[in-house]
Structure formats: C-alpha cells, structure tokens
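What follows is one structure encoded as structure tokens, with my remarks underneath.
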Amino acid sequence: MICTLTGSDLHLSGPLIDAASTAGIKLFIPAEYGLDTSNAKIRALLPPYRTRFEIQEKLRASVMDWKVVYSGIGLEDAMKTDGVMGIDALWASAVVFTGSEKTEVAISSYTDIARSITGIVRGNEKKAGNEVYTCGFRCTLEQVIAAVEKELEKDLDRYEGDLKGAEKEAAERMKMGYFDGGVALMGRVAVWDHGIDAWRAWNNQRGDTTDEWESELRKVVRQVRSGDIVGDGCGC
C-alpha cells in the first residue's frame, strides 16, 4: 500500500495501517517524501513530522514490511511563493539566510519520488532497514538561483533572511491559527539552519548531472510562471 496523505490528513494513516494489516498487505509505504523524520530537531520544529514519527512507531508495531522514502525538498513546491527554499519563481525573488548559500541540499521532483516508490515496490531497494534516502539531485541555493535567473533572463531580487526571526514569526503564525503559513516558514529554518543538520543522511546521494537537473528546474519555473503549478499566495 502506498500512502499519499498530506497536511492535516496525515493522522488518517493510522487507520489505514490497521486496515492494511488486517487485509494482509505485505508492504506499506507511508506518506513521507520530504525531510528526515528520524531527525529529532526537525520533529521539534515541524508538527507534521511528529505525526509522521508516530505513524512510523505504529508501523514498527505492525507485522507488515514497510519502507519510508525521504526525498528531501520537493522541487515543484520549492519554486512556489511559500516554498521552503525561499525561492519565488513567480515574483522573481529569493530569501537568503546568511551562511546557508553554499549548503548542499537534496531535491526531488514528483517524477523522482514516483521512480523511487516504483523501485521499492519492484524489490529493487535491497538496503537493510526501513529508511530509503533518495533525491533527484544535490545542489546549493546559489546554484538554484543561477538556474532560475537563467530561465527568467534577469537577476532575482534578494532579501536577507534571519533564522531566529523566521523561527519566532513561524511560531507566532501557528499560535494565531495560520498553521500552514507557520509550518512553511518553519520549514525554511529546518532546511537552512546548520544546527539542524538536515542533510547529513544524503551525503552519499548525488542524483542527476547539473545539465539534467537545471533543465528540470527551469521547466518547473516555467510551470509556476504559467500557472500550471499554483502556490498559496504569500504563505501567511
């Protein structure tokens, strides 16, 4: 069973696990497809990852085989106004947190994630354990900005971000009921704060060559600009 629940529906994975176990399902892939849920610092920042961890605990107690797919940053979501990278392809801007410009992150497109899931279902994933770390490519923020600017044929407006300020604002947003906007902003802290150490588990992952991922990224930029990929406004 492949689970694709998102957002506030994540908790519904629990009943699905019960139903799958009762039905004799042999393999369960929970709705992860993001950052590293096993990282306690990420769970402390982002409530959805606490729910994901609880789902994993339930799977550990089940009799099913299960695999979680950690695919890093979602490429399509990353180019939206409220994306965790701080890149806004629609309004041609970027938020840059000082010291993070050269941090190498892991990025996957929807196609990359689907390919990873297909490989697991077909039995191609032979590594021991339940965690599968995968990505379409590894790159820095500066490399992403350069590719976006190449596609737009102009420089992005750059704004200096402050991690402590972002964390405080994100907490306030969630407290005031703007949960999605708060989580989106807190996601930037998880991605760029070196103290979180979000990318260590991907150290041995490389993915596509620069020419290949630049082409894919530029295609996504065009989709955002044309309205084929729609964001959530300002993310407030």
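Only this structure's heavy atoms are used, side chains among them; waters, hydrogens and symmetry mates stay out.
Defined by atom type and a distance below 3.5 Å, a donor-acceptor pair is present between the side-chain atoms of E32 and Q56.
Under the 4.0 Å criterion applied to side-chain N and carboxylate O atoms, D18 and K58 are assigned as salt-bridge partners. Electrostatic pairing of E57 and R50 does not count as a salt bridge here, judged by no charged N lying under 4.0 Å from a carboxylate O.
Between Y70 and Y133, the ring planes are tilted. Angles from 30° to 60° get that label.
Of the possible donor and acceptor atoms, none in the side chain of H194 sits under 3.5 Å from a partner among the backbone N and O of T103. Between the K41 side chain and the G195 main chain, a donor and an acceptor come within less than 3.5 Å of each other. Here the side chain of E212 pairs a donor or acceptor atom with the backbone of T209 at under 3.5 angstrom. Not a single donor-acceptor pair under 3.5 Å links the side chain of D77 to the backbone N or O of G74. When atom types are taken as modelled, the side chain of R225 and the backbone of L90 share a donor-acceptor pair closer than 3.5 angstrom. Side chain of S100 to main chain of V96: no donor-acceptor pair is present (N/O by atom type, distance under 3.5 Å, no hydrogens or angles). A donor-acceptor pair is defined here as one N or O able to donate and one able to accept, closer than 3.5 Å; no such pair exists between the side chain of E151 and the backbone of K219. One N or O on the side chain of R43 and one on the backbone of T37 form a donor-acceptor pair closer than 3.5 Å. In this structure, the side chain of W199 engages the main chain of V191 through a donor-acceptor pair within 3.5 Å. The backbone N or O of T134 lies less than 3.5 Å from no partner atom in the side chain of S71, so there is not a single donor-acceptor pair.
Here the OG1 atom belonging to T210 is positioned 6.0 Å from the CD atom belonging to Q143, to the nearest 0.5 angstrom. Rounding to the nearest 0.5 Å places CD of E125 at 6.0 Å from NZ of K127. Here the CD1-CG distance, from I87 to L156, works out to 6.0 Å after rounding to the nearest 0.5 Å. With rounding to the nearest 0.5 Å, the separation of CG in D65 from CG in L59 is 10.0 Å. A distance of 10.5 Å separates OG of S21 from CZ of F28, quoted to the nearest 0.5 Å.
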(request) Take R218 and K150 through the side-chain contact (heavy atoms from CB on, under 4.5 Å) test and state the conclusion after the steps. (result) CA-CA 8 Å; R218 292 178 65 173; K150 191 182 297 183; 3.1 Å; yes
(message) Does N39 form a side-chain contact (heavy atoms from CB on, under 4.5 Å) with Y49? I'd like the steps, not just the answer.
(response) CA-CA 9 Å; N39 185 321; Y49 282 83; over 6 Å; no
(message) Pair Q205, F137 - check side-chain contact (heavy atoms from CB on, under 4.5 Å), show working.
(response) CA-CA 8 Å; Q205 296 284 333; F137 57 96; over 6 Å; no
(request) Any chance you could lay out the side-chain contact (heavy atoms from CB on, under 4.5 Å) test for V95 and M85, step after step, and finish with the verdict? (result) CA-CA 8 Å; V95 176; M85 289 197 76; over 6 Å; no
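Neither V105 nor Y110 shares a network with the other; the hydrophobic side chains, linked directly or stepwise wherever heavy atoms of I, L, V, M, F, W or Y lie under 4.5 Å apart, form separate groups for each.
For the pair R173 and Y178, the cation does not sit on the ring face, since its NZ or CZ is not both under 6.0 Å from the ring centre and inside 45° of the axis.
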Listing, residues 8-17 side-chain donor-acceptor contacts under 3.5 Å, not counting sequence neighbours, or none:
unit_1, atom_1, unit_2, atom_2, d
H11, ND1, S8, O, 2.9
S13, OG, L10, O, 2.9

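For residues 181-191, there are no side chain to side chain donor-acceptor pair (under 3.5 Å) pairs, not counting sequence neighbours.
Taking a 4.5 Å side-chain heavy-atom cut-off between Ile, Leu, Val, Met, Phe, Trp and Tyr, the cluster of I2 extends to L27, I29, Y33, V69, I113, I117, I120, V121, V132.
In this structure, R60 and N130 have side chains that are not in contact, with every pair of non-hydrogen atoms separated by 4.5 Å or more. Using a 4.5 Å heavy-atom threshold, the side chains of V183 and P48 count as touching.
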